[in-house]
Amino acid sequence: MEIPSKYEPQSAEAKWYAYWLEKGFFNSVPDDRPAYTIVIPPPNVTGVLHMGHMLNNTIQDVLIRRARMRGYNACWVPGTDHASIATEAKVVQKLRAEGVKKSDLSREAFLEHAWEWTHKHGGIILEQLKKLGASCDWNRTRFTMDEKYYEAVIDTFIDLYNKGKIYRGERMINWDPAAKTALSDEEVIYKDVQSHLYHLKYQVVGSDAFIVVATTRPETILGDTAVCVNPKDERYKHLHGKKVMVPLVNREVMIIADDYVDMEFGTGCLKVTPAHDMNDFMLGQKYQLEIINMMNDDGTISEAGGMYIGQDRFAVRKQIALDLDAAGLLIKQEAYSNKVGYSERTDVVIEPRLSMQWFVDMKDLSKPALDNVMNDNIKFFPPKFKNSYKHWMENIKDWCISRQLWWGHQIPAYYTEDGHWIVAKSLEEAQEKCKSQYPDYTGGLKQDEDVLDTWFSSWLWPIAVFDGFYREDEVSYYYPTADLVTAPEIMFFWVARMIIAGYEYRGELPFKNVYYTGIVRDKQGRKMSKSLGNSPDPLVLIDQYGADGVRVGMLLSSPAGNDLLFDEGLCEQGRNFANKIWNAFRLVNGWGENTEKAKPRGSALVAVQWMNARLNQVIDQLNDDYDKFRMNEALMNTYKLVWDDFCAWYLEMVKPPYGEKLDEETYAATIEIFEKILTLLHPFMPFLSEEIWQTIRVRQEGESLCLAQWPVAIPADENWLNGFEAFTESVIGIRNIRKDNAIANKEKLVLKVLKQDGDLSVYHTAIEHLGNIEATEMCDEKPAACYSFIVKGREFFIPFTEKFDVTAELKKLGDDLAYTEDFLQKVRVKLTNERFVSNAPQQVLDLERKKEEDAMHKIELLKTQIAALAK
RNA sequence: GGGAGUUUAGCUCAGCUGGUUCAGAGCACCUGCCUUACAAGCAGGGGGUCACUGGUUCGAACCCAGUAACUCCCA
């Protein structure tokens with residue numbers, strides 16, 4: 001059977017993924033093996049696969065596949081998130097395109113559209129993950145608005161409410177005037193913008209004097225209820241307790257004094273607008289100031305503003321500046337650059353706004369979550385993220401969980417017409433509670449219109465995917481999960497809150513390790529985004545380079561927590577690697593029908609011994625890399641094992657001379673080694689490794705590399721490892737002589753070796769094989785008229801050919817001599833340093849002495865060679 | 001404004017407890033090869049003031065202090 005010289009991924013990928021699914025290798029049910037669980041960070045239900053998902057899910061798949069091979073009951077739970085703001089925005093947009101406004105629809109009608117959209121687009125992303133080779137247990141696919149999941153979210157709300165951890169309060173919140181919803185702090189993005197600083201005149205009541213206030217938002221003077229100065233500020237001391245006129249508005253407000261004001265900023269006078277600025281709100285509460293809400297929920301000026309009613313905030317900013325100027329109240333307007341909060345979802349400027357919202361009291365809840373990360377019960381990789389986690393958790397604010405949306409989990413609170421509320425699981429339950437709490441009330445009850453923050457459902461993910469709020473059988477087996485792989489961007493949104501929920505509802509950590517991936521950027525370091533158009537389509541990449549190639553490309557240069565500068569060249573490298581393995585397979589496979597019963601050749605004997613020692617060494621190294629979550633190093637070590645050790649050395653050593661057959665014993669050993677290598681490769685390159693594994697030996701139906709045992713390392717034989725180094729150096733020595741003297745590889749040479757202790761004779765046939773040496777002669781004395789090279793103190797000689805150039809050879813030896821003498825000099829400086837000799841540990845001293853000795857020996861050899869040539 | 005981090009080859013990064021032949025890898029680059037598994041390959045090679053300035057030490061890429069540049073997070 002002819003095997004193509006290029007690996008063709010497409011057919012192998014389709015074939016083996018279907019096989020894996022058909023045999024149910026990825027499905028997990030509790031049994032007596034230890035569990036190893038990963039829950040996927042649920043992508044947005046209507047999202048499409050992007051490069052960040054590729055990286056994230058490749059890492060998870062590597063971890064879960066290795067765990068499966070190590071005998072764990074591996075369970076990777078997939079699923080999607082309802083993503084309330086993002087999904088609702090998409091549905092609204094789609095309806096708008098069809099000429100339907102959300103406000104024209106009833107809640108029920110809108111939700112019908114939303115479900116329709118979800119069913120149409122939902123799960124596309126999961127299908128894409130299958131192309132990548134993700135070994136999820138697809139029977140367990142969950143959605144954050146599944147019936148049971150929905151119930152868990154509502155029950156959690158009710159539970160926290162009953163525990164007094166959820167309260168309703170008027171707070172300054174981040175308001176998105178486009179989406180008309182409150183946003184959490186984390187959903188606000190601060191951007192540098194070029195704006196203006198307006199200097200406004202506030203006349204002191206009962207005097208001709210005035211003070212000047214600098215502000216970037218002149219329109220908010222409509223809501224001013226005080227002016228504040230620093231009590232230490234000498235410029236304004238005489239004005240404490242006086243009143244000023246708000247310009248244009250002509251309202252008299254107090255001048256208050258508080259440390260909060262920065263004397264250096266602007267004029268040192270701060271206008272206070274409690275309804276429209278977080279810090280002003282704080283001042284307002286402290287000094288019992290009037291709160292004037294001068295803005296509507298869509299960002300237009302309200303009745304309370306008194307003027308410009310119904311006009312947009314930014315239009316008013318321009319107009320009021322003109323009007324102030326006309327009235328002589330604008331002193332100056334200077335260019336100013338500051339940071340302004342924007343909505344992550346709609347990209348409009350956030351408006352701080354007072355409103356009634358639901359909050360979770362985070363103070364007590366967050367304590368165990370902080371402690372158990374700081375004491376490493378939950379480990380972060382890389383650990384540097386503990387710092388920012390700590391900082392955030394120690395300054396944690398209450399969590400605003402209500403969102404003015406329809407798509408999501410509707411808040412289970414019911415209001416009476418006279419403003420009381422009852423938290424209950426259903427209207428019926430609420431009515432009953434109402435009867436006992438408010439026996440005289442006869443009116444109806446109306447459920448809160450708002451839904452819960454998306455993260456209020458996803459923080460339950462590691463528990464809820466196992467229905468852990470309602471039954472114990474699965475959650476007690478799979479929880480706590482093993483590793484969580486996610487982006488540092490959502491450390492606070494999600495990771496911290498899952499830890500909080502874990503301790504609150506299971507009394508236990510939700511996962512043992514958190515591996516933070518970096519952000520995938522383009523070659524110029526820009527974040528990949530749709531709007532920049534700099535993100536390749538992952539499916540196109542898989543098509544071009546194969547899933548294995550792309551997986552390798554993603555992992556090659558992405559240490560934990562570091563951003564990955566994505567370059568298609570990396571996928572190409574991955575594809576080339578796959579092809580390299582493929583060709584090793586072709587070579588070995590060809591030997592299968594071409595063996596004979598014979599003693600292994602000397603070079604093959606040596607090769608098998610060394611390769612096994614080397615394999616053991618690398619397995620150890622890989623396990624260590626994995627333990628430390630150094631995925632890219634594990635991959636690179638596997639890469640070098642395959643390419644350098646197995647292909648460049650091992651296979652060349654066992655390869656029979658042209659036209660000859662391979663002995664059966666070496667063939668069997670080679671297959672075993674290859675199988676082990678495929679096992680090590682499988683987490684990274686599941687398709688290619690399975691394809692070869694299935695062909696390299698006759699397999700039974702139902703067998704798969706997925707289930708093969710991860711090799712156990714036995715201590716590597718150091719002798720083989722050390723001796724091999726001398727061997728490779730010898731071969732390289734011969735190659736260099738060929739290169740330097742233009743001796744063709746095809747030309748057979750004679751190698752002469754000086755008889756001495758500890759020779760390399762066991763490697764001689766291997767050296768002959770790889771160096772194309774026709775005979776190795778042992779000599780008692782140094783032979784004349786020879787090229788020579790030195791390996792670890794041993795001299796090798798190759799008789800001159802007709803191309804020999806004395807001058808060149810002398811120069812080379814001379815350079816080498818100069819270098820070695822210089823080196824010796826440096827070592828001796830160290831060794832004659834009294835303080836070094838008396839302070840350095842014995843080990844280091846011995847090493848330096850060994851260096852000295854070796855260098856002296858080498859110098860002697862070089863000098864003799866030069867003398868011989870110069871004759 | 002507050003906090004954290006980074007700076008080592010052209011690029012991306014290792015360098016773990018200060019000491020393993022004057023600092024390593026992969027890619028890229030240069031030279032020579034279509035050698036019967038693989039040109040998506042083989043063989044060989046060049047490339048570094050370890051950001052800078054001081055300090056500690058017998059010894060510093062590594063520890064300490066300062067300076068500079070960049071990045072991220074938070075307000």
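So you know, we letter chains A, B, ... as the sequences are listed, proteins then strands, and number each from 1.
Contact annotation for A/R575: base contact, defined as any heavy-atom pair under 4.0 Å involving a base atom. Within the nucleic acid shown, A/W643 comes within 4.0 Å of sugar-phosphate atoms alone, with no base atom in reach, counting heavy atoms only. A/K6 comes within contact range of at least one nucleobase, with a heavy-atom separation under 4.0 Å. At a threshold of 4.0 angstrom between heavy atoms, the contacts of A/N387 are confined to the sugar-phosphate backbone, with no base atom among them. Contacts of A/L570 with the nucleic acid, taken as non-hydrogen atoms under 4.0 Å apart, are absent. Residue A/Y639 is in sugar-phosphate contact alone, with no base atom involved, counting any heavy-atom pair closer than 4.0 Å across all strands shown. A/N736 comes within contact range of the sugar-phosphate backbone alone, with a heavy-atom separation under 4.0 Å but no base atom that close. Residue contacts shown for A/R738 are absent, as no nucleic acid heavy atom lies under 4.0 Å away.
Look at A/R217 and A/E351 and you find a salt bridge, because one of the NZ, NE, NH1 or NH2 atoms lies within 4.0 Å of a carboxylate O, short of that distance. For the pair A/E848 and A/K851, the salt-bridge criterion is met [side-chain N within less than 4.0 Å of a carboxylate O]. Salt bridge A/R849/A/E852: absent, no basic N to carboxylate O contact under 4.0 Å.
Taking atom P in both B/rA68 and B/rC52, one finds a spacing of 16 Å when rounded to whole Å. Annotation: B/rA43 and B/rU35 have their P atoms spaced 14 Å apart (nearest Å). Spacing between B/rA9 and B/rG3 at atom P, rounded to whole Å, works out to 30 Å. Taking the C1' atoms as reference points, B/rU7 lies 29 Å from B/rG45, given to the whole Å. Rounded to whole Å, the separation between the P atoms of B/rG19 and B/rG66 comes to 25 Å. A gap of 10 Å separates the C1' atoms of B/rU8 and B/rA51, to the nearest Å. Spacing between B/rG18 and B/rU57 at atom C1', rounded to whole Å, works out to 9 Å. Look at the C1' atom in both B/rU36 and B/rC42: the space between them is 14 Å, to the nearest Å.
For A/F727 and A/W649, the ring centers are positioned less than 6.0 Å apart. Between A/F381 and A/Y516, the distance separating the two ring centers is not shorter than 6.0 angstrom. Remark: aromatic rings of A/F380 and A/F385 are distant, center separation not under 6.0 Å. Annotation: A/F492 is in aromatic contact with A/W392 [ring centroid separation under 6.0 Å].
In this structure, A/K746 and A/S5 both approach RNA chain B, and ranking their closest nucleotides by distance from the 5' end singles out A/K746. Both A/D644 and A/E572 lie near RNA chain B, and the one whose nearest nucleotide falls closer to the 5' end is A/D644.
Counting non-hydrogen atoms of neighbouring residues, nucleotides and ligands closer than 6.0 angstrom, the NZ atom of A/K379 reaches no more than 12 such neighbours. A/E774 CD: more than 12 foreign heavy atoms inside a 6.0 Å radius. Around atom CD of A/E394, more than 12 heavy atoms belonging to other residues, nucleotides or ligands sit under 6.0 Å away.
Across residues 829-842 of chain A, A/N833, A/R835, A/F836, A/N839, A/A840, A/P841 each have a non-hydrogen atom less than 4.0 Å from an atom of RNA chain B (numbered order).
Using bins of under 30°, 30° to 60° and over 60° for the plane-to-plane angle, the ring pair A/W582/A/F585 lands in the tilted bin.
Stems are defined here as 3 or more consecutive Watson-Crick or G-U wobble pairs with pairing distances under 3.5 Å; those involving RNA chain B are B:1-7 with B:68-74, B:10-13 with B:24-27, B:29-33 with B:41-45, B:51-55 with B:63-67.
Separating the CD atom of A/Q573 from the P atom of B/rC29 is a distance of 13 Å, rounded to the nearest angstrom.
Donor-acceptor pairing under 3.5 Å, judged by distance alone, is present between the side chain of A/E652 and the base of B/rA37.
For A/N576 and B/rG41, the shortest distance from a side-chain N or O to OP1 or OP2 is below 4.0 Å. Look at A/R630 and you'll find a side-chain N or O under 4.0 angstrom from OP1 or OP2 of B/rG15.
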